[in-house]
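Report on the following structure.
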Amino acid sequence: MDKLIIEGGKLLDGAITVSGAKNSSLPILAATLLTDSQCIVHGVPGVMDIRTMLKIIGALGIASQFERGSIVTNPASQDTCVAPYELVSTMRASICVLGPLLAKRGFAKVSLPGGCVIGPRPINLHLKGLAMMGAEIEIEGGYVIARAKQLKGRHVYLGGPFGSSVLATANIMMAATMAKGTTVIENAACEPEVVDLANFLNKMGAKIRGIKTHVIEVEGVKALAGAEHTIIPDRIETGTYLIAGILAAKDLTLKNIEVNHIRAILDILKEAGVSVKMHNGEISVRRVRRLRPSDVTTLPYPGFPTDMQAQMMALLCCADGISVITERVYPERFMHVSELNRMGAQIKLEGSSAIIRGKKKLSGAPVMASDLRASAALVLGGLVADGATEISRIYHLDRGYERLDEKLSGVGARIRREKA
Ligand code: EPZ
């Protein structure tokens, strides 16, 4: 298992190119199950979760080649409709093969994803939606077994206790593309990754309207063709490097960004006293010595993303005063708090809120990564901490950030990877 060692206090200077969005690429790769033709997807990040998804669709009969950010998929067989526990248990996003399998092959057996360190992650909305469209669903031996000769277009309401669901929307939208009649998804998620998936599906010949809104209409079609598509820039990676810049850059430019996808992040940063420069589709940022504290609440898009909560916390640890972060998407997603506190931060948890007393300095310490975004927060803390920060279990980072250590060392960070 690799670990990262970061010597804090080095100034970052230069440019980083943001990769394509992992969370767009995953459902889009699952969507390739919907066609008998070749698909070509560009801008896919070379991260572990993508490799896992390629194994899953591979097990389901889709051959693929992944070279320099582009994936070419070719359907080879439809004999297997089982997404096995060994793969699904390593990545919850595997659940998004359920909708496409059912729509295209009429049968799906997908392992239940199980627990997760960021809190309970049920799939009741996915199952409710498919059942409303006429699927017969059983849970047996830890697997969801779903059957439907022909899914039917229906009104499907997808709200849960924490708002809309990204992957449930993706699953139902994919299933609906080949259903008989029109499906209306209410309280649909409108995250940019859902929009990217909808655009890909429409390129395949799907008839999806209401994209970017909370009411998506899908008119079923008989068959979908292959398509070629480029993945949107990763807004969470963009936000993560923006924070790196605010904490530690002489001048850091981010390339391949979509500013419209990061408005909620920019709004909070502005409140904290950060000004960014935007020019020709790039964004530049510098170190801010006196950050104002800020209150942040995570919400479904276009609200502040839960996937940026941990990184924002690392930033607010260095603000001049008390900030409060409230988590409204995953109320238990606070595994990074105790690790940041090991680095000298002063963070107290009150239910689903974290109260952060800003400090002038963090100090390097051995810490443990617990999930993808928590790991990113520890890296950010390490960039400004006094001394060395040693982050173990960084396979979490490798699941979702493409070459993070190389990208940061390319702009001057002192960060190295070692075998633990
Ligand atoms: C997606 O997960 C992302 N994953 C997550 O990114 C992200 O944190 C999350 O959306 C929220 O933005 C991918 O896109 C691959 P949800 P998803 O269903 O779709 C509850 C990262 O770090 N819920 O939108 O699984 C759920 O418990 C990750 O890249 C139900 O109650 O999340 C949560 O409280 C981690 N029933 C809320 O909805 C359901 O059936 C939102 O979850 C489904 C979800």
Side-chain angles (χ1 to χ4, degrees), residues 19-31 44-45 47-50 52-53 56 88 90-99 112-132 137 144 156-174 185 187-197 214 231-232 234-240 261 264-265 298-311 327-333 335-336 352 369-377 396-402:
S19 302
K22 160 186 84 86
N23 288 348
S24 277
S25 308
L26 291 171
I28 283 177
L29 289 173
V44 182
V47 296
M48 269 318 289
D49 276 5
I50 297 297
T52 305
M53 183 52 93
I56 291 172
V88 177
T90 64
M91 185 183 72
R92 294 188 50 91
S94 328
I95 193 68
C96 58
V97 299
L98 182 60
L112 280 164
C116 174
V117 287
I118 69 176
R121 295 183 70 186
I123 57 160
N124 57 313
L125 296 173
H126 303 238
L127 302 186
K128 176 179 108 171
L130 293 173
M132 286 180 82
I137 297 177
V144 178
V156 177
Y157 179 81
L158 276 189
F162 304 104
S164 53
S165 161
V166 174
L167 289 181
T169 304
N171 241 334
I172 303 308
M173 193 162 73
M174 289 190 277
I185 309 173
N187 210 343
C190 64
E191 268 68 4
E193 295 77 18
V194 175
V195 174
D196 208 22
L197 170 66
H214 292 296
I231 298 289
I232 55 170
D234 195 310
R235 64 194 166 108
I236 306 301
E237 191 190 1
T238 307
T240 304
H261 296 168
I265 301 170
T298 67
L299 288 167
Y301 192 83
F304 187 88
T306 173
D307 290 347
M308 276 299 296
Q309 182 255 104
Q311 302 91 311
E327 179 52 73
R328 287 264 163 79
V329 180
Y330 292 111
E332 296 170 26
R333 191 178 198 175
M335 298 290 283
H336 41 287
S352 57
S370 54
D371 83 82
L372 173 58
R373 311 303 172 185
S375 319
H396 290 291
L397 263 182
D398 295 334
R399 289 185 53 179
Y401 285 92
E402 186 174 46

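Start at 1 and go down the list; that is how both ligands and their atoms are numbered.
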Top protein contact for [atom], by heavy-atom distance:
atom	answer
atom 1 (C) of ligand 1	V166 CB, 3.9 Å
atom 4 (N) of ligand 1	N23 ND2, 3.7 Å
atom 30 (C) of ligand 1	P122 CG, 3.6 Å

Taking distance alone, with N or O pairs closer than 3.5 Å, would you say L167 contacts ligand 1? yes
Just to be sure I read this right, does ligand 1 sit under 4.0 Å from the backbone of [X], its side chain, both, or neither, counting only heavy atoms?
X	value
Y330	side chain
S165	both
M91	neither
D307	side chain
V329	both

Just wondering, do E237 and S19 contact through their side chains at under 4.5 Å, heavy atoms?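 The answer is yes; the side chains approach within 4.5 Å.
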Name every donor-acceptor pair, under 3.5 Å, that has one atom in a side chain of residues 160-171 and the other anywhere in the protein, sequence neighbours excluded.
unit_1 : atom_1 : unit_2 : atom_2 : d
S165   : OG     : A168   : N      : 3.1
T169   : OG1    : S165   : O      : 2.6
T169   : OG1    : A189   : N      : 3.0
N171   : OD1    : G99    : N      : 2.7
N171   : ND2    : I95    : O      : 3.0
N171   : ND2    : H126   : ND1    : 3.0

Could you tell me which residues satisfy side-chain hydrogen bond (donor to acceptor under 3.5 Å, both in side chains) with T306, sequence neighbours excluded, listed by chain and number?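 T306 satisfies side-chain hydrogen bond (donor to acceptor under 3.5 Å, both in side chains) with E327, R333 once adjacent residues are dropped.
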